[in-house]
Amino acid sequence: MLNNLNKQPEDKILQLMQLYKDDPRDGKIDLGVGVYKDATGATPIMRAIKAAEKQLWADETTKSYTALTGDAGYQSAMIDLVLGGAAPRDRIAAAHTPGGTGAIHLVLELIQSANPDATVWLSAPTWPNHPSIIKHLGMKMAEYRYFDNESRAVDFDGMMTDLKKVQAGDVVLLHGCCHNPTGANLNATQWGQVADTLLEQGALPFVDIAYQGFGDGLDEDAAAVRLLAGRFPEMMIAASCSKNFGIYRERTGIVMVLSPDSDTTVVTQGNLAHLNRQNFSFPPDHGARLVTMILNDPALKADWMAELEEVRLGMLGLREQLAAELRRLSGSDRFGFVAQHRGMFSRMGATLEQVMELREKHGIYMVGDSRINIAGLNKQSVPILAAALIDVGV
Ligand code: LMR
């Protein structure tokens, strides 16, 4: 039987982690996988997480099961963090999932249960795991234009032209903030226009929000998802705590689904529970419990927010330094986009040949589409990256 299996392609982002590890050179620079790193290259455990873990160790009295869709306290705290009251609670079904990937998978399975014919529209480009999971589930997908490789900004005209082709009942996957892999984002006016168009087409938004707090701030980064939640009768959200709480390996994500009325919400909630039961039964509790403790404790929450803000401002500082260094070396403003982009990533617009030259000649690792992880840089490595980019002709 097993000899019938096909060899699966390696995930390009995860493969890069290994290639970097295997490179013996000193001074190599890892701008690959989307994991936050401080100036020393470490991925620290956030202070509030450590404090909550200590408290949990002392206070936790059982490891018995929670609920199929996770702890109700976690759901409420996350609904508040992401939606901030943009939609009434009795229209929101929610389920804790193993990470943001688990949330995306669950939303797609829910869509498949409700409308197997729906086409899921993805931004071109998008996080490679989006099309990969859709393909795995055997669902229909299509792409809308998103990024202009020349200006490295959003191709908004192209996006709007393509969104007008979306059919009623189709689902449009949007990155709530900090677009992965490009770093280019819609402004508030553009989000309003996207909402108008999707409403006209009868399409449903599906928002993936994995970097809340990494762009312009916790509330600012949730503004788009809140705008949509206030206007659409039905929408889906997949959120992740991996990045903003720094708990990557604890697999802490959540699905939120907006239904038109409270009766439908009850049925949606039951479907989320059913799907979790088929996939893994109960979601892992540890990370979600820490998040809940932090969001419900004013002192822990304040400390978490302060540390998250340090992380955000640190990345913004690196963006500005890189843009300035590239301006100086290139004698032009063509790299100004680096300071305009938000979140962990920027797509630099290099060719695959240039990306490979950066890797082989300079020991600089980035994804093949020239996505860099800004947090992989520090003050010392920014000038090295800038010089290498100019050297290979970007
Ligand atoms: C990334 O895009 O690098 C992260 O979301 C990590 C991953 O799982 O790909």
Side-chain angles (χ1 to χ4, degrees), residues 8-21 28-38 41-44 46 82 97-108 122-137 146-147 173-185 206-215 221 237-255 283-284 287 308 311-312 315 318-319 341-348 350 355 358-359 364-377 385:
Q8 294 294 337
E10 293 232 37
D11 182 288
K12 295 257 176 357
I13 297 173
L14 304 183
Q15 188 184 29
L16 200 60
M17 288 166 86
Q18 194 56 45
L19 288 173
Y20 175 80
K21 257 191 206 147
K28 59 186 177 176
I29 299 175
D30 179 13
L31 307 179
V33 69
V35 171
Y36 172 74
K37 285 185 251 158
D38 65 16
T43 301
M46 294 180 90
V82 176
T97 55
T101 302
I104 291 160
H105 191 272
L106 178 59
V107 166
L108 290 168
L122 303 175
S123 65
T126 191
W127 184 47
N129 220 14
H130 287 151
S132 178
I133 301 172
I134 293 171
K135 193 169 156 230
H136 173 71
L137 292 172
Y146 185 79
F147 189 64
L173 202 162
L174 300 151
H175 297 229
C177 63
C178 308
H179 186 269
N180 179 8
T182 67
N185 298 290
F206 168 14
V207 176
D208 180 1
I209 179 159
Y211 296 88
Q212 188 184 351
F214 272 35
D221 291 349
I237 300 157
S240 171
C241 300
S242 295
K243 328 278 167 162
N244 53 8
F245 286 87
I247 49 172
Y248 306 84
R249 65 175 65 170
E250 301 297 354
R251 310 313 298 138
T252 311
I254 189 163
V255 163
L308 180 59
V311 163
R312 186 180 78 80
M315 288 189 292
L318 290 166
R319 284 188 177 283
H341 286 174
R342 284 293 178 275
M344 207 172 216
F345 307 116
S346 270
R347 185 187 262 205
M348 300 305 293
V355 168
L358 286 163
R359 196 178 299 172
I364 297 174
Y365 285 73
M366 62 184 67
V367 184
D369 65 359
S370 77
R371 183 193 84 169
I372 63 167
N373 173 8
I374 295 289
L377 293 165
L385 171 65

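Atoms within each ligand, like the ligands themselves, are counted from 1 in listed order. It should be emphasised that the depicted structure is a prediction, and the values quoted were computed from it without experimental measurement.
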Please table the atom pairs, donor to acceptor, closer than 3.5 Å between any side-chain atom in residues 237-245 and protein atoms at least two apart or in another chain.
residue : atom : partner : partner atom : Å
S240    : OG   : S242    : N            : 3.0
S240    : OG   : S242    : OG           : 3.3
K243    : NZ   : G34     : O            : 3.1
K243    : NZ   : Y211    : OH           : 3.2
N244    : ND2  : Q212    : O            : 3.1

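Heavy atoms of I13 found under 4.0 angstrom from ligand 1 belong exclusively to the side chain. Residue contacts with ligand 1, taken as heavy atom pairs separated by less than 4.0 Å, involve Y211 solely via side-chain atoms from C-beta onward. At a heavy-atom cutoff of 4.0 Å, ligand 1 is contacted by the side chain of N180 but not by its backbone. When heavy-atom distances to ligand 1 are checked against a 4.0 Å cut-off, K12 has no atom that comes that close, whether in backbone or side chain.
With Y365 as the aromatic partner, K28 does not meet the cation-pi criteria of under 6.0 angstrom to the ring centre and within 45 degrees of the ring axis.
L137 is linked by a side-chain contact (heavy atoms from CB on, under 4.5 Å) to H105, L108, E109, Q112, I133, M139, counting only residues two or more places apart in sequence or in another chain.
Applying the 4.0 Å criterion to heavy atoms of W127 picks out, from ligand 1, the atoms 1 (C), 2 (O), 5 (O), 7 (C), 8 (O), 9 (O). For ligand 1, the atoms sitting less than 4.0 Å from at least one non-hydrogen atom of R371 are 1 (C), 2 (O), 3 (O), numbered in the order shown with element in parentheses. Close approach of ligand 1 to V33 is summarised as follows: ligand atoms under 4.0 Å from at least one heavy atom of the residue are 3 (O), 6 (C).
If you check the side chains of H175 and T126, you find a donor sitting under 3.5 Å from an acceptor.
Relative ring orientation between W127 and H130 is described as perpendicular, the plane-to-plane angle rising above 60° on a 0-90° scale split at 30° and 60°.
Of the possible donor and acceptor atoms, one in the side chain of N185 sits under 3.5 Å from a partner among the backbone N and O of C178. Without hydrogens or angle criteria, R371 side chain to G183 main chain gives no donor-acceptor distance under 3.5 Å.
Distances from ligand 1 to the non-hydrogen atoms of M344 include no value under 4.0 Å.
Which of P128, G34, A210 comes nearest to atom 3 (O) of ligand 1 through a heavy atom is settled by distance: it is G34.
Here the heavy atom of the protein found nearest to atom 5 (O) of ligand 1 is K243 NZ, 3.1 Å.
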